[in-house]
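Taking it in order: structure first as structure tokens, then the write-up.
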Protein chains: 2
Amino acid sequence: MPGPHRWRKRFEGHICRWTMPREAILDLLSRTTKHLSAKEIYANLLQIYPGIGLTTIYRTLDLLEKTGMIKKFNFRQGENRYEFAGEQRPHHHHLICTSCGKIIDYSDFAEEELELVEKSAKQLAEKYKFLVQDHNIEFYGLCQQCQKD
Amino acid sequence: MPGPHRWRKRFEGHICRWTMPREAILDLLSRTTKHLSAKEIYANLLQIYPGIGLTTIYRTLDLLEKTGMIKKFNFRQGENRYEFAGEQRPHHHHLICTSCGKIIDYSDFAEEELELVEKSAKQLAEKYKFLVQDHNIEFYGLCQQCQKD
DNA sequence: CTGATAATGATAATCATTTTCAATAATAAT
DNA sequence: ATTATTATTGAAAATGATTATCATTATCAG
């Protein structure tokens, strides 16, 4: 379903209107494999949507995150980064280069990981009475380029 | 080795002097099982060390982290939290309650986790030429109390 | 004991993110 | 289509955590 209202259905049930900034932000995130920050999204959109406000970017990102259409990440870089969460994108985690900030998605070991996570969630629920709703696994280190430097 | 210079040896090799604020901060962190923020540490220490500055807290936390004596965590709460990293404390990860912010340490599944992490690190190094130096696993959800509310 | 200089702490500055609020625009009802 | 309602926007100011500046102080080698 191409066109300006491609994502509209996902909003039904949420109290909100479909607007150009929302379309533009979601569209941008759906097209890139990068993990953009609010400022980067702002810089990108200014070109095709002069006049858009950084405040709106932040508000929209919050909203999109609540609807589950995007995911928010903190990679210890001082600013949050966002990632489109469509069905096309498989479950994955991240390798973060602590030197240059490069982020690599990986979805290897998905089965073993899922197994461990589910087992953990179950037993943690029993032992600590904790209801697991989300998990995060990430590796920090050096990317190929930064290992040379 | 009790006394004011208990931790001094760990600093050897690092260009720094052993001072009261450093002793006080490290001592506080070594005594608590909580994950304190800079401001919480500040509030705590003001009682036994009036005149200590928040700036010094931040600087010292950075230093202690670099020496590996403490660990820094971002639990998506807007402020970083710190944890003592002595040998007494086993390798563990965290359950974070998204409602009240409570943090629970757990060290269950250490073997399976270590196995998965090591296997992952090895294969990620091959496939992505990424040198893994650190990893983070955390579960977000609701603690017992917040499940009731 | 003393000098070199690392460390401190008050203050100001940064930087990401939020809040405020008047103006605007999306949608429902007419 | 037109209008009324009110969610959304964007500019500007506020916030809150963290960092930089810099004159003063304190550690520790000699």
Side-chain angles (χ1 to χ4, degrees), chain A residues 3-26 35-46 48-67 70 72-82 101, chain B residues 3-26 35-67 69-70 72-82 101:
Chain A
H5 291 168
R6 202 177 337 174
W7 313 111
R8 193 166 177 177
K9 280 182 188 151
R10 303 284 294 270
F11 270 112
E12 286 166 12
H14 294 276
I15 319 159
C16 52
R17 296 171 178 175
W18 190 248
T19 63
M20 278 181 70
R22 290 172 184 180
E23 167 79 12
I25 291 166
L26 194 51
H35 306 76
L36 300 174
S37 66
K39 286 256 279 287
E40 287 169 347
I41 292 169
Y42 179 58
N44 258 284
L45 292 186
L46 265 187
I48 62 170
Y49 190 150
I52 194 169
L54 184 54
T55 305
T56 300
I57 307 276
Y58 277 109
R59 267 186 306 229
T60 303
L61 289 170
D62 276 353
L63 179 67
L64 293 175
E65 196 204 358
K66 286 200 188 88
T67 70
I70 66 173
K72 182 180 184 178
F73 291 94
N74 176 295
F75 295 129
R76 304 180 187 171
Q77 295 172 335
E79 59 197 356
N80 292 316
R81 295 186 169 275
Y82 299 85
Chain B
H5 290 168
R6 201 177 337 174
W7 315 110
R8 194 166 178 176
K9 280 181 188 153
R10 302 284 292 270
F11 270 113
E12 285 166 14
H14 294 275
I15 320 158
C16 51
R17 295 173 176 172
W18 190 248
T19 63
M20 279 181 71
R22 291 174 183 180
E23 166 78 14
I25 291 168
L26 194 51
H35 306 75
L36 300 175
S37 67
K39 287 256 278 289
E40 287 170 346
I41 292 169
Y42 180 58
N44 257 284
L45 292 186
L46 266 186
Q47 303 173 10
I48 62 168
Y49 189 149
I52 194 168
L54 185 53
T55 305
T56 301
I57 308 279
Y58 277 109
R59 266 186 308 230
T60 303
L61 288 170
D62 275 354
L63 180 68
L64 293 175
E65 196 205 356
K66 286 200 186 88
T67 70
M69 301 176 80
I70 66 173
K72 182 180 183 177
F73 291 94
N74 176 296
F75 294 130
R76 304 181 186 170
Q77 295 173 335
E79 58 194 0
N80 293 314
R81 294 186 169 276
Y82 299 85

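Numbered from 1 within each chain, the chains take letters A, B, ... in sequence-line order. This one's a predicted model, so the numbers in the text were calculated from it and none came from an experiment.
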What is the separation between atom CG on Leu54(A) and atom P on dT17(C), rounded to the nearest whole Å? 9 Å
Without decimals, in angstroms, what is the distance between Glu65(A) CD and dT18(C) P? 10 Å
Return the value, rounded to whole Å, for the distance between atom NZ of Lys66(A) and atom P of dT8(D). 12 Å
From C-beta outward on Lys39(B), which listed nucleotide comes closest to its side chain: dT9(D), dA10(C), dA17(D)? dA17(D)
To the nearest Å, how far apart are Ile57(B) CD1 and dA17(D) C1'? 14 Å
Nearest whole Å is fine: how far is dG16(D) C1' from Arg81(B) CZ? 14 Å
Whole-Å distance, Gln77(B) CD to dA17(D) C1', equals 14 Å
For Tyr82(B) and for Gly51(A), find the nucleotide of DNA chain D with the closest heavy atom, then tell me which residue's nucleotide is more 5'. Gly51(A)
To check you understand the geometry: which heavy-atom pair defines the closest contact between Lys39(B) and Leu54(B), and what is its length? CD-CD2, 4.3 Å
Side-chain N or O of Asn80(B) closer than 4.0 Å to phosphate OP1/OP2 of dT18(D): yes
Test item: Arg22(B) side-chain N/O and Leu64(B) main-chain N/O as donor-acceptor pair under 3.5 Å: no
Ignoring backbone atoms, establish whether Arg22(A) has a side-chain N or O less than 4.0 Å from OP1 or OP2 of dA26(C). no
With a non-hydrogen cut-off below 4.0 angstrom, is Thr56(B) in contact with a base, only sugar-phosphate, or nothing? base
Contact class for Tyr42(A) vs. all strands (heavy atom < 4.0 Å): base, sugar-phosphate, or nothing? nothing
With respect to the phosphate group of dT19(C), does any side-chain polar atom (N or O) of Thr55(A) fall under 4.0 Å of OP1 or OP2? no
Are side-chain heavy atoms of Arg76(A) and Asn74(A) found at a separation under 4.5 Å? yes
Residue Glu79(A), side-chain heavy atoms: nucleotide from dT18(D), dT9(D), dT17(C) that is nearest: dT17(C)
Where the side chain of Arg59(A) is defined as all heavy atoms beyond and including C-beta, which of dC22(D), dA16(C), dT9(D) is the nearest nucleotide? dT9(D)
Could you work out which one of dT8(C), dG9(C), dG10(D) sits closest to the side chain of Ile52(B)? dG9(C)
So, do Ile41(B) and Leu61(B) sit near enough that their side-chain heavy atoms are less than 4.5 Å apart? yes
Could you check how far CG of Leu61(A) sits from P of dT9(D), rounded to whole Å? 12 Å
Atom of Thr56(A), atom of Pro21(A) and distance for their closest heavy-atom approach: CG2-CB, 3.7 Å
Write down the distance between OH (Tyr58(A)) and P (dT19(C)), rounded to a whole number of angstrom. 13 Å
Please determine, for the side chain of Arg17(A), which listed nucleotide (dT6(D), dT19(D), dT17(C)) has the closest atom? dT6(D)
